[in-house]
Amino acid sequence: MTFMPQSQNSVDPIKLEKLAEVAVRVGLQLQRGQDLVMTAPIVAMPLVRLITNHAYMAGAGLVTTFYSDEETTLARYQYGSDEGFDRASGWLYEGMAKAYQNGAARLAIAGDNPMLLSEQDPGKVGRANRANSTAYKPALEKISNFDINWNIVAYPNPSWAKVVFADDPEPIAVAKLAKAIFAASRVDLDDPVSAWREHNTNLAARSSWLNGQRFAALHFKGPGTDLTVGLADGHEWHGGASVAKNGVTCNPNIPTEEVFTTPHALRVEGHVSSTKPLSHQGTLIDNIQVRFEEGRIVEAKASRGAEVLNKVLDTDDGARRLGEVALVPHSSPISASGILFYNTLFDENASCHIALGQCYSKCFLDGAKLSQDQIKAQGGNSSLIHIDWMIGSDKVDIDGIKPDGSRVPVMRQGEWA
């Protein structure tokens with residue numbers, strides 16, 4: 001007999017089925033004969049099973065799932081040897097990279113408890129994160145360079161739900177989080193696949209306008225923020241569905257409300273404050289304030305999680321530089337929900353954001369044809385990490401700066417100008 005927590009009964013099975021279908025048909029557009037590598041919290045097994053069903057119905061070759069478990073993660077911090085925190089399962093990530101090299105698609109189910117490691121030794125957390133980032137790089141490069149079609153969706157893990165809806169009993173918290181996930185993912189609609197097609201069209205139109213402007217930089221101005229983000233030479237804006245190098249059109253993030261591009265790693269100046277907390281691998285980092293000089297963070301602080309933040313910034317030289325800048329209107333459905341998800345997949349789609357670390361090679365004109373040296377020469381950043389955090393709100397204005405110095409309003413009070 002398989003035991004499932006009582007709170008799982010709080011998840012609408014019809015909408016969960018739709019989410020699985022959207023993950024395969026919209027998120028991945030999985031191809032006949034294509035293998036799929038999936039990662040998930042073990043509590044997300046109901047969604048894993050449904051996605052596996054839809055993957056095989058779509059003609060998948062082989063579906064392989066790797067599970068994580070919060071209790072066994074915590075056991076490492078309680079009983080593991082100190083030297084073990086400088087190790088990671090490189091053999092696993094090498095295998096994943098090889099699978100992607102051989103044409104497999106990638107699907108991640110998000111839903112970890114954002115506070116899981118909040119009471120653990122920040123030094124050990126930082127060392128483990130660094131070791132993991134180093135080991136994961138061969139696989140991450142296949143994803144960040146869009147060699148393959150990939151996708152992330154979410155499942156309402158009870159421990160996550162209790163962070164988001166702390167005042168509610170667990171079954172009610174799970175039901176509320178499930179409802180919010182389904183709405184943001186557009187699976188509460190009669191025809192989610194058609195709804196995603198229309199949404200992708202709207203995001204493509206916004207990207208097209210930005211590409212036509214050919215801005216040299218963006219200027220963000222608001223409380224605690226006066227930041228000029230230079231854009232990479234030959235940058236290209238994207239949003240919604242994207243064509244991977246293997247020719248498959250996929251929606252990497254479900255949900256998504258952003259249009260994004262690559263900053264110039266050497267041309268970011270000024271200071272910026274976060275507008276939402278960042279949940280990073282079990283640690284909550286809040287009230288981030290950083291200052292950039294010549295593209296590099298030279299000063300960083302946070303009211304919570306500062307030690308972990310600074311260890312992240314010390315991962316490598318590229319960790320102190322930007323790999324992405326993204327624009328999201330304050331009126332986006334996720335922002336309008338009023339819910340703080342403590343999960344980047346959702347919170348980044350409520351707010352304009354920047355990402356520390358690795359850039360996306362596809363955010364360059366003819367990016368698929370560029371070598372890593374060419375990407376670097378045009379301002380693209382390289383790093384072991386890629387971490388998004390939110391800097392937008394209804395109090396932030398954004399101007400586009402053209403090569404001649406003239407300005408074009410892009411956003412006013414968090415909305416498209």
Within this structure, what is the [atom1]-[atom2] distance for the pair [X] and [Y], rounded to the nearest 0.5 Å?
X: C352; Y: M411; atom1: SG; atom2: CE; value: 4.0 Å
X: I385; Y: S144; atom1: CD1; atom2: OG; value: 12.5 Å
X: I152; Y: L345; atom1: CD1; atom2: CG; value: 6.0 Å
X: N343; Y: I181; atom1: CG; atom2: CD1; value: 8.0 Å

Under the salt bridge (Lys or Arg N to Asp or Glu O under 4.0 Å) rule, what do K221 and D397 come out as? Steps first, then yes or no, please.
CA-CA 5 Å; K221 188 73 185 314; D397 293 338; over 6 Å; no
Find out whether [X] and [Y] are in side-chain contact, i.e. whether some heavy atom of one side chain is under 4.5 Å from a heavy atom of the other.
X: V408; Y: I401; value: no
X: V268; Y: R321; value: no
X: L218; Y: L327; value: yes
X: H264; Y: L231; value: no
X: T64; Y: L62; value: yes
X: V298; Y: F292; value: no
X: C359; Y: T262; value: yes
X: S68; Y: I42; value: no

More than 12 heavy atoms of other residues, nucleotides or ligands under 6.0 Å from [atom1] of [X]: yes or no?
X: D190; atom1: CG; result: no
X: R127; atom1: CZ; result: yes
X: E294; atom1: CD; result: no

With N287 via side-chain hydrogen bond (donor to acceptor under 3.5 Å, both in side chains) - residues at least two apart:
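For N287 the side-chain hydrogen bond (donor to acceptor under 3.5 Å, both in side chains) partners, ignoring immediate neighbours, are S303.
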Are the charged groups of [X] and [Y] less than 4.0 angstrom apart, N to O?
X: D226; Y: R291; answer: no
X: E17; Y: K15; answer: no
X: D191; Y: R186; answer: no
X: R296; Y: D317; answer: yes
X: D168; Y: K162; answer: no
X: R407; Y: D399; answer: yes

Hey, is the main chain of [Y] close enough, under 3.5 Å, to the side chain of [X] for a donor-acceptor pair?
X: S274; Y: P277; answer: no
X: T65; Y: T39; answer: no
X: S332; Y: E257; answer: no
X: H238; Y: K362; answer: yes
X: N246; Y: I148; answer: no
X: D69; Y: T72; answer: yes
X: S335; Y: S331; answer: no
X: S208; Y: A205; answer: no
X: Q378; Y: D233; answer: yes
X: S406; Y: K402; answer: no

Identify the heavy atoms of [X] and [Y] that sit nearest to each other, and give their distance.
X: F215; Y: H235; value: O-CE1, 3.0 Å
X: V308; Y: P122; value: CG2-CB, 3.9 Å
X: I339; Y: D347; value: O-OD1, 4.2 Å
X: I297; Y: A300; value: CG2-CB, 4.0 Å
X: I109; Y: L107; value: CG1-CD2, 3.7 Å
X: A154; Y: F346; value: CB-CE1, 3.4 Å

Would you call the rings of W150 and Y360 parallel, tilted or perpendicular, where under 30° means parallel and over 60° means perpendicular?
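Ring orientation of W150 relative to Y360: tilted.
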Aromatic rings W416 and W209: how do their planes relate, parallel, tilted or perpendicular, breaks at 30° and 60°?
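Perpendicular.
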No-hydrogen, no-angle side-chain donor-acceptor test under 3.5 Å, [X] and [Y]:
X: N149; Y: Q34; answer: yes
X: H330; Y: E415; answer: no
X: E70; Y: N157; answer: yes
X: N251; Y: N151; answer: no
X: S383; Y: D316; answer: yes
X: K376; Y: S382; answer: no

Between N253 and E348, does the side-chain hydrogen bond (donor to acceptor under 3.5 Å, both in side chains) criterion hold? Intermediate values first, please.
CA-CA 11 Å; N253 290 352; E348 74 169 6; 3.2 Å; yes
